Amino acid sequence: MTSPTDPHGAPPSPGPERPPPPPFLPRARMHRPPPVCAAVIGGSVALFVVDAVLSQGATLRGGLGPIFQWLALYGPLVQEGQYWRVLGCILTHGGPLHLAFNMWVAYSLGTAFERAIGSGRFLLLSLIAALGSSAFALLFNFEAVTVGASGMILGYGGAMLVTATREFRRDIIFWLVQVAVLSLIPGVSWAGHLGGFLFGLPVGVALRFGPRVFARAAPLLLAIAGAVVYITAHPERFRG
């Protein structure tokens with residue numbers, strides 16, 4: 001998730017984000033992505049292609065097309081009621097490299113996990129992590145333009161950190177450390193990364209306790225994430 005910081009006029013083109021590939025990439029390479037991962041990857045690629053066509057190729061040269069400007073997360077516009085941006089920004093990317101790296105990690109990380117927990121649970125995790133990512137981006141960078149799926153992907157990492165075996169957890173921690181370092185680079189939304197990761201953790205806890213606990217906890221976590229997004233989108237209503 002990238003976070004350009006010019007709130008005036010057309011937002012600047014975000015620099016490409018390069019999250020390192022997770023250590024378990026070879027396991028996912030031989031399989032087609034299951035439904036949710038396929039929707040995330042296919043939707044992101046399709047929107048980028050449409051944006052490139054509508055902008056007459058400007059997005060390929062670092063420009064910003066109409067799809068980007070319609071879906072990118074930007075606090076003042078969400079505040080005005082454009083709530084679709086809190087999820088639409090997940091499928092929006094600021095350039096070919098940004099898209100390629102995020103989709104590579106979404107595929108390699110998400111495919112195996114979705115197959116392991118089931119597409120229904122994985123969809124709930126994706127929504128909760130995406131909302132958490134957008135909430136933190138609004139909280140800490142309200143007037144920054146933010147796009148990218150990496151906040152949601154960090155939610156996968158948070159959930160997997162709780163559910164993984166001890167040996168596998170070491171690999172995940174090593175990958176998360178690399179992403180944490182990357183998050184300090186200017187133009188990368190550390191807040192979006194942190195929000196997705198933190199909201200992914202309780203989902204992982206619910207998964208670890210089994211289907212009954214998850215069935216009760218997931219809707220509550222989704223409602224909490226939605227409430228936090230609303231609060232952060234309207235600071236004027238909730239600041240003392």
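What you see below is based on every heavy atom in this structure, not just the backbone, and it leaves out hydrogens, waters and symmetry mates. On a predicted model such as this, the values are computed, not experimentally measured, just so you know.
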Quiz item: Under 3.5 Å, is there a donor-acceptor pair between the side chain of Arg85 and the main chain of Ala72?
Solution: yes
Quiz item: Under 3.5 Å, is there a donor-acceptor pair between the side chain of Thr111 and the main chain of Tyr107?
Solution: yes
Quiz item: With a 3.5 Å cut-off and no angle check, do the side chains of Ser126 and Tyr156 form a donor-acceptor pair?
Solution: yes
Quiz item: When the aromatic ring centroids of Phe140 and Trp190 are compared, is their separation below 6.0 Å?
Solution: yes
Quiz item: Of all heavy-atom pairs between Ala137 and Leu73, which one has the smallest distance, and what is that distance?
Solution: CB-CD2, 3.7 Å
Self-check item: Gap between atom CG of Leu194 and atom OG of Ser183 - 0.5 Å precision
Solution: 8.5 Å
Quiz item: Counting distance only, does the side-chain N/O of Glu114 pair as donor-acceptor with the main-chain N or O of Cys37 below 3.5 Å?
Solution: yes
Quiz prompt | Exercise: identify the closest heavy-atom pair between His193 and Val188 | solution = CE1-CG1, 3.5 Å
Practice problem: Return the orientation label for the Tyr83 and Tyr230 ring planes: parallel under 30°, perpendicular over 60°, tilted otherwise. | Solution: tilted
Quiz item: With respect to Gln79, which candidate in Glu236, His234, Arg237 satisfies the side-chain hydrogen bond (donor to acceptor under 3.5 Å, both in side chains) definition?
Solution: Glu236
Exercise. Considering non-hydrogen atoms only, spot the tightest contact between Asn102 and Ala149 and give its length.
Key: ND2-N, 3.3 Å
Quiz item: Is Thr92 reaching over with its side chain to a backbone N or O of Gly88, donor-acceptor style, under 3.5 angstrom?
Solution: yes
Side-chain donor-acceptor distances from residues 204-227 under 3.5 Å, at least two apart:
unit_1: Arg208; atom_1: NH1; unit_2: Val162; atom_2: O; d: 2.8

Self-check item: Flag, side chain of Gln69 to backbone of Leu64, donor-acceptor distance under 3.5 Å
Solution: yes
Quiz item: Which heavy atom of Trp175 sits nearest a heavy atom of Ile153, and at what distance?
Solution: CH2-CG2, 4.1 Å
Exercise. Kindly give the heavy-atom pair with the smallest separation between Cys89 and Val86, and that separation in Å.
Key: SG-O, 3.7 Å
Quiz item: So, Ser134 side chain and Leu131 main chain: donor-acceptor pair closer than 3.5 Å or not?
Solution: no
Quiz item: So do the side chains of Leu47 and His93 get within less than 4.5 Å of each other, counting heavy atoms only?
Solution: no
